[in-house]
Amino acid sequence: MQTRFRIGTAALLAALVISSSSPADALPAVTNQGSKLVDAAGKPVVLKGCNLGNWLILESWMFGGTLELNGHGFKDQTELYATLDSRFGHERTQKLMDVFRSSYVTPRDFGLVKSFGFNTVRLPFDYRLLQDDASPGTLRPDAFVWLDKALTMAEAAGVYVILDMHGVPGGQSKQDHTGQADQNKLWTDTAAQERAAVLWKAIADRYKDRSVVAAYDLINEPYGDMRQDVRSGLAKLLPQLAEAIRSTGDKHVIFYPGALGGGIAFYGKPPANIGFTEHYYPGLFGSKPATETHARLLGAELPAKQAYIDKIAGPYLVGEFNVVLQSEDPNRLMRAYYDRFAEYGWAATMWSYKLLKNDAGAQGSAWYMVTNADALPKLDAATASYEQIESFFKSLATAPIAVNEPLKAALTDPTPAPIPLAKYSPIPVALPTTPPSDPAGFVSADIGGAAAGHTHASAGDKVEITAGGSDINATADSFRFVSKSATGSAELHATIVSLLDSNQYAKGGVMARWGESAGAAMVMINAFPDGTIALISRASENGPTTETKIDAGVPFPMQLKLDVKNGQAVASYRSDRGVWKAAGSVSVPSGAFRIGLAACAHADEALTVVKATLGPAGDAALPLPNELAKRPAGKSLLTNGSFEQPGESADQATNWSRWGDWINHESAWSPTHDGKGLIGYHHWQIEGKGGSSGLWQDAKVKTGQRYTFTLFAQHDAAEAGKHDADTLELRLESITPDGAVTLNNHDFTITKLATGKDWTRVGVSGTAVSDTLRVLAVINSSADPLRGGAVKLDDATLTAATDGK
């Protein structure tokens, strides 16, 4: 559904004329009392809104193909401007961009922002609006024209503004949204740092008495090269920027940005009127696109963050967030996030208000609140005439607008329907009260600035480790290490009984480490909370890490072992079938090292808990071979889960639908897990580009109930010179009037499945958001055309989950 708006030029001019608000119309100034934002009378102020992206700093993808360069998206704003400068001259290019800025956001846009129930915009801007790189010591004559206009329009609409320096002198990351990709000089260029301080001082001096300004967001996404640890740089630079602002007498709230993977705890307790800001994109950028991801964030991670924010008594801004994919029930989830942020007293601004595209209407992904109602032309900045580009930019002021009506309805509904999600317990933020104690011969240490942890050892070589830490990866680590010294060779054998799901990338495992610095050489075999096992290593001090995912879905308790000798570290794990399997080996440095248990929360404001048993005695806690090769307890909701009965054709199992090639009911294959039938996937017969094949079945269930889908799998290995299929994915979906919603999914590497007479039990759990639940088994073919091997599936079940979540 979409709504169209038409407004003429005369109306626009009239709106601009009346846009200067009188003092009586001024918004109440925003400050904070501890972690809560309040007005001068102490009344809570909940800032709820969106980002005005692609207005005062350009991002190619947000033009959606309407403005390109040489047939594709422009690399960054700098490349686009350079092209226009070379064609039309610098002065005409500046005039052209003024036309764009005059048209892309107008008073009608602020009215649309308010129609979503919002009272705030975060305004991303480029420092180049204020200062030319050719004259870094002086402000441009027109430095504040566009910020002034933005504040004036916002004030007239009764909307607060958070000023966000999206592009910082020198570049705070290599990303294109800084205005210039691939530079990342802020961290080493003191002149750039001084320029940033001078610019923020100038901004504060101009706007210190403007109550429409709710806060200053000093540096957008200071992520460096996406791997480097910038925490020390931020801890040094941000107070300098704040001091420059305060030197003017400005008392606006200031937000310090979090570090990528490094959280905000490294700043410590903030001074008065200073808080923190971070961005959340659950389901994107490596995060699993499923409602389970949102359940964990809403039920566990955000409550832990809120407890930390209340503890340090500083305000908090979710500067960017979005639930983008239609398969995640985005509208109800966006409402859930806004309501949760408001409950905590956090400010929140989604990305983004507007997106342009060639096709017409609000459809597809939910990156935007509004878009163009009519189809827009495709222009190439390298060939289109000045007049064509100018005409296109001018048209944006009055072009009909399509509103994302489902999102608007969800955000403004006075009685919203909640979305059923899995229940997670909040992640702990406080250490246990039991007296700390280390296992005999071991010593605990928090490495790389990790938050202080806790270790408690008990009889039977049992140990419980409570740990913070941001990550074990890249060129430096932050985690808790319970270790003993070794020289030449050593072996450590441990059972990981459980690992608290503080984050999908939380880690617990066995590590050998050549030094105590954050960047020391190391090797580790670790588990993630979902049962994935990985081998990670760093060959030299401060060098990069190499990570290889070994297996997925191995149930806890699991056995891990690291054997270091003769310049090699050999990692092994004991699978759910009770047999030891090699995880790999890496070359390691010579000399003394330490070996022990490592734990990392991957959420430095919260903690994870690893429970483990040292030594072979832990074997008794693990299943014996084939112990898991049993049907789950409880009545299955699936029909023909053993695939005994053929469908309308002999090669199809009744009650199951399928797609792709060569996934068939088989009655002549053996062994079966149970009975006389199974599903066989013939990878050696897949032709062309491959792709995926799979089968599914729908079942009637109870909304809000949690279910587990399991089946048993094995594979026949490909012959020499050919390649097995890549992965077996199990997926749970709820079927709703708006389409299929992915509840959870899990990938299992085909080559890690059992062979011969053994079977691997695989499963996935999810919480139903409707009364129709779809189970899917998806086999992804190898991209290599030399394909071989086969996969067998048997005994599929769907039962009420008993995992406690």
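Side chains included, hydrogens not; waters and symmetry mates left out as well; all remaining heavy atoms used.
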Could you tell me whether R92 sits above the aromatic face of Y386, with NZ or CZ closer than 6.0 angstrom to the six-membered ring centre and within 45 degrees of the axis? yes
Is Q172 reaching over with its side chain to a backbone N or O of V168, donor-acceptor style, under 3.5 angstrom? yes
Using 30° and 60° as the class limits, which term best fits the ring planes of F341 and F321: parallel, tilted or perpendicular? perpendicular
Test salt bridge (charged side-chain N to carboxylate O under 4.0 Å, His left out) applied to R594 - qualifying residues, sequence neighbours left out: none
Return the orientation label for the F481 and F479 ring planes: parallel under 30°, perpendicular over 60°, tilted otherwise. tilted
Check the side chains of T475 and D229 for a donor-acceptor pair under 3.5 angstrom, ignoring hydrogens and angles. no
When you look at W367 and Y281, which way does the ring pair (Phe, Tyr, Trp, His ring centres under 6.0 Å) test go after all the steps? CA-CA 11 Å; W367 273 115; Y281 286 108; 5.7 Å; yes
Give a yes or no answer on whether the side chain of K36 reaches the backbone of Y344 with a donor-acceptor pair at less than 3.5 Å. yes
Show the numbers, then the answer: is there a ring pair (Phe, Tyr, Trp, His ring centres under 6.0 Å) between F118 and Y338? CA-CA 10 Å; F118 292 165; Y338 271 116; 5.2 Å; yes
Any donor-acceptor N/O pair, K208 side chain to T248 backbone, under 3.5 Å: yes
D189: which residues meet the salt bridge (charged side-chain N to carboxylate O under 4.0 Å, His left out) condition with it, sequence neighbours left out? none
Classify the ring geometry of F144 against Y207: parallel below 30°, tilted from 30° to 60°, perpendicular beyond 60°. perpendicular
What's the verdict on ring pair (Phe, Tyr, Trp, His ring centres under 6.0 Å) for F276 and Y308, showing C-alpha distance, side-chain angles and the deciding distance? CA-CA 11 Å; F276 302 105; Y308 177 77; 7.6 Å; no
We want to know whether Q131 and R140 form a side-chain donor-acceptor pair, criterion being a heavy-atom distance below 3.5 angstrom. no
Mark yes or no for whether S60, through its side chain, and K75, through its backbone, hold a donor-acceptor pair below 3.5 Å. no
E541 and S517: side chain donor to acceptor below 3.5 Å: yes
Residues Y223 and Q175: side-chain donor-acceptor under 3.5 angstrom: no
Is there a donor-acceptor contact under 3.5 Å linking the side chains of D176 and Q77? no
Hey, could you give me the CG/CD1 distance between D217 and I254, rounded to the nearest 0.5 Å? 11.0 Å
Are the side chain of W514 and the backbone N or O of F593 linked by a donor-acceptor pair below 3.5 Å? no
Would L186 and I219 satisfy side chain to side chain contact (heavy atoms under 4.5 Å, CB included), going step by step from the backbone distance to the final call? CA-CA 11 Å; L186 177 67; I219 302 179; 4.1 Å; yes
When you compare the side chain of V121 with that of F110, does any pair of heavy atoms fall below 4.5 Å? yes
Would you compute the distance between atom CD of E155 and atom OG of S211 and round it to the nearest 0.5 angstrom? 6.0 Å
Centroid separation under 6.0 Å, is that true for the rings of W351 and H166? yes
Looking at A235, is its backbone amide N or carbonyl O close enough to the side chain of R231 to form a donor-acceptor pair, meaning the two atoms are under 3.5 Å apart? no
Could you tell me if W146 and D98 have a donor-acceptor pair between their side chains, going purely by distance under 3.5 Å? yes
Can you classify the ring geometry of Y216 versus W200 as parallel (below 30°), tilted (30 to 60°) or perpendicular (above 60°)? tilted
Heavy-atom closest contact (L151 atom, R210 atom, distance): CB-NH2, 3.5 Å
Going from NZ on K311 to OG on S35, what distance comes out if it is rounded to the nearest 0.5 angstrom? 13.5 Å
Separation of D109 CG from S103 OG (nearest 0.5 Å): 10.5 Å
Heavy-atom pair with the smallest gap, counting every atom of T277 and L317: OG1-O, 2.9 Å
Do the ring centers of Y316 and W346 come within less than 6.0 Å of each other? yes
More than 12 heavy atoms of other residues, nucleotides or ligands under 6.0 Å from NZ of K185: is that the case? no
Distance-only donor-acceptor hits, side chain of residues 256-266, under 3.5 Å, sequence neighbours excluded:
none

Using side-chain heavy atoms (C-beta onward) and a distance below 4.5 Å, is M165 in contact with L199? yes
Would you call the rings of F528 and Y505 parallel, tilted or perpendicular, taking 30° and 60° as the class edges? perpendicular
Examine the side chains of Y127 and D133 and answer whether a donor and an acceptor come within less than 3.5 Å of each other. yes
Looking at D148 and R206, does any basic side-chain N land under 4.0 Å from a carboxylate oxygen? yes
Distance in Å, F74 CZ paired with D380 CG, rounded so as to fall on 0.5 Å steps: 11.5 Å
Show your working on side chain to side chain donor-acceptor pair (under 3.5 Å) between H177 and E221 and close with a plain yes or no. CA-CA 10 Å; H177 52 62; E221 295 188 356; 3.3 Å; yes
Without swapping roles, check the side chain of D225 against the backbone of Q228 for a donor-acceptor pair under 3.5 Å. yes
Between the side chain of S352 and the main-chain N/O of G53, is any donor-acceptor distance below 3.5 Å? yes
Please check: side-chain N/O of N54 versus main-chain N/O of E59, any donor-acceptor pairing under 3.5 Å? yes
Without swapping roles, check the side chain of K201 against the backbone of A244 for a donor-acceptor pair under 3.5 Å. no
pair T608-C600: side-chain heavy atoms closer than 4.5 Å: no
Pair Y280, Y337 - check ring pair (Phe, Tyr, Trp, His ring centres under 6.0 Å), show working. CA-CA 10 Å; Y280 293 89; Y337 278 115; 8.0 Å; no
Not counting sequence neighbours, which residues clear salt bridge (charged side-chain N to carboxylate O under 4.0 Å, His left out) with E301? List them please. R296
Taking atom types as modelled and ignoring hydrogens, do the side chains of N473 and T545 form a donor-acceptor contact shorter than 3.5 angstrom? yes
Partners of F255 by ring-ring contact (aromatic ring centres under 6.0 Å, His included), sequence neighbours excluded? none
Short N-O contact, D477 and R538, less than 4.0 angstrom: yes
Spatial distance of atom CD (Q183) from atom CG (D76) [nearest 0.5 Å]: 9.0 Å
Apply salt bridge (charged side-chain N to carboxylate O under 4.0 Å, His left out) to K305 and list each qualifying residue two or more places apart in sequence or on a separate chain. E278, E605
Basic-acidic side-chain contact under 4.0 Å: K95, E390: no
Counting only heavy atoms not in E243, do more than 12 sit closer than 6.0 Å to its CD atom? no
Between the side chains of K174 and D182, is the shortest nitrogen-to-carboxylate-oxygen separation below 4.0 Å, so that they form an ion pair? no
Please check if any side-chain donor atom of T93 sits under 3.5 Å from a side-chain acceptor atom of D85, or the reverse. yes
When every non-hydrogen atom of A381 is compared with those of T83, the smallest separation belongs to O-CG2, 4.0 Å
